[in-house]
Amino acid sequence: MAVETNTESREKSLNFLEEIIEESIAKGEKRIQTRFPPEPNGYLHIGHAKSICINFGLAKKYGGKCNLRFDDTNPVKEDVEYVDSIKRDIKWLGFDWAIERYASDYFDQLYDWAVELIKKGLAYVDDQTQEQIRENRGTVSVPGTPSPWRDRTPEENLDLFVRMKNGEFPDGSKVLRAKIDMAHPNMLFRDPIMYRIIHAEHHRTGNKWCIYPMYDYAHGQSDSIEQITHSICTLEFDVHRPLYDWFIQALDIFPSHQYEFARLNLTYTMMSKRKLLKLVQEGAVMGWDDPRMPTICALRRKGYTPASVRNFAEMVGVAKRDNVIDLGKLEYCVREDLNKVAERRMAVLNPLKVVITNYDEGKTELFEAVNNPENEAAGTRKVPFSREIYIERDDFMENPPKKFFRLQPGGEVRLRYSYLIKCEEVVKDAEGNIIELRCTYDPMSGDGSSSDGRRVKGVIHWVSVKDAVEAEVRLFNPLFTKENPDDVEEGQTWEDNLNPDSMVKVTGYLEPSLLEIPVGQAVQFERVGYFCPDTDTTPEHPVFNRTVTLKDSWAKINK
RNA sequence: UGAGCUGUGGUGUAAUGGUAACACAGCAGAUUUUGGUUCUGUCGUUCCAGGUUCGAGUCCUGGCAGCUCAACCA
């Protein structure tokens, strides 16, 4: 008799975008085409990483393609600095685009289409001031009032629009508007602006144009030109979708369709480009790639791996509900990856000197240490041991609480990869501060055993004083003190929630082999956390960043 | 309060009319030369009120709550 088993792996459930794509494939769609459309006006952050993973991931999963398109319709905000960084970040994440395009590549086509809409009587040139346009738009509960210029003839509109393009009018004096419905319940339909006059140099088209299309007039058509089948964006654009469809229908061009998902939010940080830019400009951080920033380049500099970020994007899922992801989940993802791939080293960040009184002065031994217990292929290395070593101050307590396994007066611990030592004497300065420990070692214990078979619970890391390499170590903490940085008291701003201890610099004493680690590659400082050499590092002045701490269940018990 | 979107543990995401599941976090324990890793156990949830149905997180009706939209930003 056949016994039904549940062991076969259950098919992973689809997210709503995958369902939409599978439905369209079922209806006969032969080709899946997505696109990632950043505006080059800032650096990409972890929220963009989610979008990148979705757009490129969906294309890959369904055998389609994903374009990279820069939404560069506003020359005063955009710069090549940003396009370069965006391309670098996407590649670092492990994705490659089918083709690279710019909305500005389509300026001619967009202009021709605008002329077409004018001729159809669907667009007009408005001479109202910005203030008048705003006032006449009405509000969510009050209909707008039509512009006095709304009924110009197509001939007159065409003449004016051509002259706008030719630079006859100053910035702000005229706009081209779609003629839809000034009383429409969707505010976006109250004669949306298609073109505005901006006499500014564009990073790609130079001074060819002085009129630039608005997002709503450019985005859908750009998708259409590239024959995007699934135009995926974040939720706040959902009210734009009817307008997106309106232009495509009015122009009778390839019908791309827009779908929206909820953007990513993370506790203790923020994704607002405007606010991040402010932090950079005001020097609150070292730059866009300051490891405290939520940007992709910052995560890279901090020691995050592309796989960990991709896995994070996968783990948070895709849906339409507003969400705030616990920062701990991102940290879980790096730890999970780094645990497998990062080599282990020893480093002491808050040193306490230990003199091993029964060990020969001037003698050095090399102990073999495993590079990565999770990966035997990573091999081993030699770590120098001598009479004077540094241990972590936290690994000694004169009056320890219960369950403290580390060093204490008269107590014994294992030095990782090395001997058992016993604390014989605590040396203090005039103020009573502990400045040194005097210990003895068990000469029979170097191979992991002990002279009489006794077992010792505590294992601590250490570094030989005379062999230690000094380095600046930067300990990063959340950028903000509140889960939601925008949660402010009366009279305060989000900047008052900046964490004054978001970066703590200390001097670390490192095992010498740490000097060989390349910039950006994370290693585990055993029992402490994951760290990588910073871009500021030099042979004379090594600098390490803390990527993330190790989980620390003792810290919890001890609290 | 006009329109649109969304409501499932502490946080995310599933369940597509049929036992509310998975991950993170938390708690307890086992293993461990990292108080790491790994393993085991455990906690706890369908916004509310009606209705349809043998059966509702899912369908219907009505509420309530949150978010988005009134830039010549994207």
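Lettering follows sequence order; numbering is per chain, from 1.
- Taking only side-chain nitrogens and oxygens, A/Arg406 never comes nearer than 4.0 Å to OP1 or OP2 of B/G35.
- Side-chain atoms of A/Glu374 come within donor-acceptor range of the base of B/G36, with a qualifying N/O pair under 3.5 Å.
- Regarding contacts with the backbone of B/U33, every side-chain N or O of A/Arg344 stays at 4.0 angstrom or more from both OP1 and OP2.
- The side chain of A/Arg137 places an N or O atom within less than 4.0 Å of a non-bridging phosphate oxygen (OP1 or OP2) of B/C72.
- In this structure, A/Trp209 and A/Tyr111 have tilted ring planes: the angle between them lies in the 30° to 60° band.
- A/Gln130 comes within 4.0 angstrom of a nucleotide base, judged by non-hydrogen atoms across all strands.
- For A/Lys329 and B/G10, the NZ to P distance is 14 Å, given to the nearest whole Å.
- In this structure, A/Asn484 atom CG and B/C67 atom C1' are separated by 13 Å, rounded to whole Å.
- In this entry B/A21 has B/U13 as its Watson-Crick or G-U wobble partner, both defining distances falling under 3.5 Å.
- Of all nucleotides present, only B/G51 satisfies the Watson-Crick or G-U wobble test against B/C59, with each distance under 3.5 Å.
- Rounded to whole Å, the distance from NZ on A/Lys77 to P on B/A74 is 7 Å.
- In this structure B/G29 sits in a base pair with B/C39, meeting the Watson-Crick or G-U test at under 3.5 Å.
- Under 4.0 angstrom from either OP1 or OP2 of B/A74 there lies no side-chain N or O belonging to A/Arg274.
- Not one side-chain nitrogen or oxygen of A/Lys273 sits closer than 4.0 Å to the OP1 or OP2 atom of B/C73.
- For the pair A/Ser553 and B/G36, the criterion of a side-chain N or O lying under 4.0 Å from OP1 or OP2 is met.
- A/Trp554 qualifies as a stacking partner of the B/G35 base, centre to centre under 5.5 Å and near-parallel within 30°.
- Ring-plane geometry between A/Phe189 and A/His184 is classed as parallel, the angle between the planes falling under 30 degrees on a 0 to 90 degree scale with a further cut at 60.
- Side-chain atoms of A/Phe525 and A/Leu550, non-hydrogen and from C-beta on, never get closer than 4.5 Å to each other.
- OP1 or OP2 of B/U37 sits under 4.0 Å from a side-chain N or O of A/Lys551.
- Counting to the nearest Å, the P atom of B/A74 and the CG atom of A/Leu235 are 20 Å from each other.
- No salt bridge links A/Glu226 with A/Arg35; every basic N to acidic carboxylate O contact stays at or beyond 4.0 Å.
- Close to B/C73, at under 4.0 Å from its OP1 or OP2, lies no side-chain N or O of A/Tyr215.
- In a base pair of the Watson-Crick type (N1 to N3 plus N6-O4 or O6-N4) or a G-U wobble (N1-O2 and O6-N3), with each distance short of 3.5 Å, B/U46 is matched with no nucleotide.
- For A/Met214 and B/A70, the CE to P distance is 11 Å, given to the nearest whole Å.
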>> Could you walk me through whether A/Tyr212 and A/Tyr195 satisfy the ring-ring contact (aromatic ring centres under 6.0 Å, His included) test, starting with their C-alpha distance in whole Å, then the side-chain angles of each, then the deciding distance to 0.1 Å, before giving a yes or no?
In response: CA-CA 5 Å; A/Tyr212 290 91; A/Tyr195 273 92; 8.6 Å; no
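- Base pairing analysis places B/G4 opposite B/C67; the two distances defining the Watson-Crick or G-U wobble pair are each below 3.5 Å.
- For the side chain to side chain contact (heavy atoms under 4.5 Å, CB included) criterion with A/Val324, the lone passing option out of A/Asn484, A/Leu264, A/Thr267 is A/Thr267.
- With its glycosidic angle within 90° of 0, B/A71 is assigned syn.
- At the phosphate of B/A74, OP1 or OP2 sits under 4.0 Å from a side-chain N or O atom of A/Thr73.
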